[in-house]
There are 2 protein chains.
Amino acid sequence: MTTHTSIQHLNDDERERFTATVELIGKRWSAGILVAIAKDAHRFSEIANVVSGLSDRLLAQRLRELEIAELVVREVIPSTPVQVRYHLTESGADLLRAMEPVIEWGHRWRPERDA
Amino acid sequence: MTTHTSIQHLNDDERERFTATVELIGKRWSAGILVAIAKDAHRFSEIANVVSGLSDRLLAQRLRELEIAELVVREVIPSTPVQVRYHLTESGADLLRAMEPVIEWGHRWRPERDA
DNA sequence: CTGGATCCCTATCGATACTG
DNA sequence: CAGTATCGATAGGGATCCAG
């Protein structure tokens, strides 16, 4: 079993899983939704408010995809009315952590402006 | 000027640039193309051969997008016949380096099989 | 509040054929 | 070799309305 960490040495299988991961969270809104949840937006409407431009339909769809990918868990709280909360899974939180160098990359190469 | 590295502390502007980056390389084939170039496939046809399933049309389109994003440079060598070679820019290579933790994430959470 | 169902439009895709 | 042009099919997207 040989696993590689550097891009240059990826074998075909690793490359495919790498691109699959990137393409999953690269889908429109996915990354924004994950970041929103990480920033403590756990309710459906909270996420919708944080990620501007995102429609209810797409939010529901993306949440389902992220749940299937086991990056997010959906928790139903049987209160009245029923509450639904979304959380990052361990792997979801870990993926965001793994993406942090990309943020630094953005600071290095896409400085533009700073709010 | 306050820049943040952790996902939780991203401000709106940083979050948008982060998602824009992720969505760019998350477009279908983009990551695969970048990896192929990193792995020494510099000719158009070489890249097409390495990334299986990718059509000429999409390859040309993605290369243009990646060039516009300054992740890739197109070099035209005036030989006969003309040669065209694609290379990663500094920022492109740096972005791939920044993505390496995502590969490790794949090993941790998407082990499946190893070729 | 949290979505599902529909409608309709546009973007994107893959295949094929063609060119300097 | 390195693309471009065109086309028909499909997927993705926004808006709106509706429901538990």
Side-chain angles (χ1 to χ4, degrees), chain A residues 16 19-34 36-37 39-69 71-89 92, chain B residues 16 19-20 22-34 36-69 71-89 92:
Chain A
E16 266 182 56
T19 62
T21 302
V22 174
E23 288 177 14
L24 170 67
I25 70 167
K27 289 194 79 165
R28 203 166 176 197
W29 308 115
S30 292
I33 292 169
L34 290 175
I37 298 176
K39 294 191 68 168
D40 254 3
H42 296 289
R43 308 287 304 270
F44 187 92
S45 51
E46 285 171 359
I47 301 171
N49 284 335
V50 170
V51 185
S52 76
L54 170 57
S55 69
D56 288 359
R57 197 179 71 87
L58 267 290
L59 175 53
Q61 185 174 311
R62 287 294 176 270
L63 284 171
R64 240 177 293 128
E65 293 165 359
L66 295 172
E67 201 191 346
I68 289 170
L71 263 29
V72 160
V73 267
R74 183 176 189 265
E75 177 199 11
V76 179
I77 302 172
S79 52
T80 38
V82 168
Q83 268 203 22
V84 180
R85 311 191 115 247
Y86 293 92
H87 307 273
L88 298 178
T89 60
Chain B
E16 267 182 55
T19 61
V22 174
E23 288 177 14
L24 170 67
I25 69 167
K27 289 193 79 164
R28 204 168 176 196
W29 310 115
S30 292
I33 292 169
L34 290 173
I37 297 177
K39 293 192 70 168
D40 254 4
H42 296 288
R43 311 286 302 271
F44 187 93
S45 51
E46 285 171 0
I47 302 170
N49 285 334
V50 171
V51 184
S52 76
L54 170 57
S55 70
D56 288 0
R57 197 180 71 86
L58 267 291
L59 175 54
Q61 184 173 313
R62 287 293 176 270
L63 284 170
R64 239 177 292 128
E65 294 165 359
L66 295 172
E67 201 190 346
I68 289 169
L71 264 27
V72 160
V73 266
R74 183 177 188 266
E75 177 198 12
V76 179
I77 302 171
S79 52
T80 38
V82 169
Q83 268 203 24
V84 181
R85 310 192 116 245
Y86 294 91
H87 307 273
L88 298 179
T89 59

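Just so we're on the same page: letters track the sequence lines, and every chain starts at 1.
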Asker: Enumerate all atom pairs, one protein N or O and one N or O from nucleotides 4-12 of chain C, separated by less than 3.5 Å.
Answerer:
from  : atom 1 : to      : atom 2 : distance (Å)
C/dG4 : OP2    : A/Arg64 : NH2    : 3.1

Asker: When the C1' atoms of the five terminal pairs at each end define the local axes, what inter-axis angle does the helix from C/dC1-D/dG20 to C/dG20-D/dC1 show, to 10 degrees?
Answerer: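 The angle, to the nearest 10 degrees, is 50°.
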Asker: Kindly write out the residues that satisfy side chain to side chain contact (heavy atoms under 4.5 Å, CB included) with B/Glu16, not counting sequence neighbours, or none if the list is empty.
Answerer: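 Once residues adjacent in sequence are excluded, B/Glu16 has no partner under the side chain to side chain contact (heavy atoms under 4.5 Å, CB included) criterion.
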Asker: Please name the pair of heavy atoms, one in B/Val51 and one in B/Gly32, separated by the smallest distance, quoted to 0.1 Å.
Answerer: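 B/Val51 and B/Gly32 have their closest heavy atoms at CG2-O, 3.7 Å.
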Asker: Counting only non-hydrogen atoms, which of residues 71-86 of chain A are less than 4.0 Å from DNA chain D?
Answerer: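 Within this stretch, nothing sits under 4.0 Å of the strand.
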Asker: Please enumerate all residues that pass side chain to side chain contact (heavy atoms under 4.5 Å, CB included) together with A/Val50, with sequence neighbours excluded.
Answerer: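 Listed in chain order: A/Ala36, A/Ala41, B/Arg15.
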Asker: So does A/Ala31 get a backbone contact from the side chain of B/Thr19, meaning a donor-acceptor N/O pair under 3.5 Å?
Answerer: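 Flag not set: sc B/Thr19 to bb A/Ala31 has no pair under 3.5 Å.
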Asker: Taking any atom under 4.0 angstrom from a heavy atom of chain B, which nucleotides of DNA chain D are the first and last to qualify, 5' to 3'?
Answerer: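 Contact boundaries, 5' end first: D/dC1 to D/dT6.
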Asker: Under the salt bridge (Lys or Arg N to Asp or Glu O under 4.0 Å) definition, can you give me all pairs with a residue in residues 39-61 of chain A, not counting sequence neighbours?
Answerer: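 Residue pairs with at least one partner in residues 39-61 of chain A: there are none.
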Asker: Can you name the residues that form a side chain to side chain contact (heavy atoms under 4.5 Å, CB included) with B/Leu59, not counting sequence neighbours?
Answerer: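 So B/Leu59 forms a side chain to side chain contact (heavy atoms under 4.5 Å, CB included) with B/Ile33, B/Phe44, B/Ile47, B/Ala48, B/Leu54, B/Leu63.
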Asker: Identify the heavy atoms of B/Ala38 and B/Leu88 that sit nearest to each other, and give their distance.
Answerer: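 That closest heavy-atom pairing would be CB-CD1, 3.8 Å.
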Asker: Flag the pair A/Arg74 / A/Tyr86 as yes when at least one side-chain heavy-atom distance between them is below 4.5 Å, and no otherwise.
Answerer: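 Yes, close enough: below the 4.5 Å cut-off.
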Asker: Expressed in angstrom and rounded to an integer, what is the separation of A/Ile37 atom CD1 from C/dT2 atom P?
Answerer: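 Whole-Å distance recorded here is 12 Å.
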Asker: With a 4.5 Å cut-off on side-chain heavy atoms, are A/Thr89 and A/Val72 touching?
Answerer: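 No, their side chains stay 4.5 Å or more apart.
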Asker: For A/Ser55, which residues count as a side chain to side chain donor-acceptor pair (under 3.5 Å) partner, sequence neighbours excluded?
Answerer: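 Result, side chain to side chain donor-acceptor pair (under 3.5 Å) vs A/Ser55: none returned.
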Asker: With sequence neighbours left out, what residues match B/Glu65 under salt bridge (charged side-chain N to carboxylate O under 4.0 Å, His left out)?
Answerer: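 B/Glu65 satisfies salt bridge (charged side-chain N to carboxylate O under 4.0 Å, His left out) with B/Lys27, B/Arg62 only.
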Asker: If the condition is side chain to side chain contact (heavy atoms under 4.5 Å, CB included), which residues does A/Ser79 pass it with, not counting sequence neighbours?
Answerer: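 If we apply the side chain to side chain contact (heavy atoms under 4.5 Å, CB included) test to A/Ser79, skipping adjacent residues, the hits are A/Ile77, A/Gln83.
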